[in-house]
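Quick caveat, the model's predicted, so the values are computed rather than measured. All residue numbers in this chain count up from 1 along the given sequence.
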Amino acid sequence: MPRSEMTKTLQGRDLCGMAAGLALLVIVVICCNSFISNPVSAAAQKIVHHPAFVGAFWAVMLWALYRLYRRQKADVTV
């Protein structure tokens, strides 16, 4: 990827999407630690730390990054 594309500013919808995803993750973590009983919280932490969940989350993030790359590449060639 050329340096000019890497330094290009984010579009508003992309920035909002990333901020919403981060906010959702923070809310889930706070709820698990504060409002949910200990056994349920422990189960949720087991699920979040499980390699299958981490792998699936990683794959979704790579897919989203690839879609963003393809969309930006299509915008540049048009």
Side-chain angles (χ1 to χ4, degrees):
M1 177 180 292
R3 183 165 180 80
S4 62
E5 285 187 36
M6 290 179 10
T7 58
K8 195 164 70 169
T9 59
L10 284 174
Q11 294 178 355
R13 66 175 183 239
D14 296 330
L15 187 60
C16 288
M18 289 190 316
L22 182 62
L24 181 65
L25 180 65
V26 168
I27 289 170
V28 167
V29 169
I30 289 172
C31 286
C32 282
N33 289 334
S34 300
F35 303 117
I36 300 174
S37 65
N38 248 355
V40 175
S41 179
Q45 286 180 2
K46 268 188 181 179
I47 292 170
V48 170
H49 292 134
H50 196 278
F53 179 81
V54 173
F57 185 72
W58 175 73
V60 168
M61 293 303 292
L62 281 180
W63 175 76
L65 183 62
Y66 178 72
R67 279 195 61 207
L68 178 65
Y69 165 73
R70 294 290 292 183
R71 190 175 351 145
Q72 287 178 349
K73 188 175 178 183
D75 289 343
V76 170
T77 58
V78 170

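- A distance of 7.5 Å separates OH in Tyr69 from OH in Tyr66, rounded to the nearest 0.5 Å.
- Summarising the geometry, atom CG belonging to Leu62 is positioned 10.5 Å from atom CZ belonging to Phe57; distances are rounded to the nearest 0.5 Å.
- Within a 6.0 Å radius of CE in Met18, more than 12 heavy atoms belonging to other residues, nucleotides or ligands are found.
- The side chain to side chain donor-acceptor pair (under 3.5 Å) test applied to Arg13 returns Gln11, not counting sequence neighbours.
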I'd like a table of donor-acceptor pairs (distance under 3.5 Å, sequence neighbours excluded) in which one partner is a side-chain atom from residues 44-54, with atom names and distances.
from: His49; atom 1: ND1; to: Gln45; atom 2: O; distance (Å): 3.0
from: His50; atom 1: ND1; to: Ala52; atom 2: N; distance (Å): 3.0

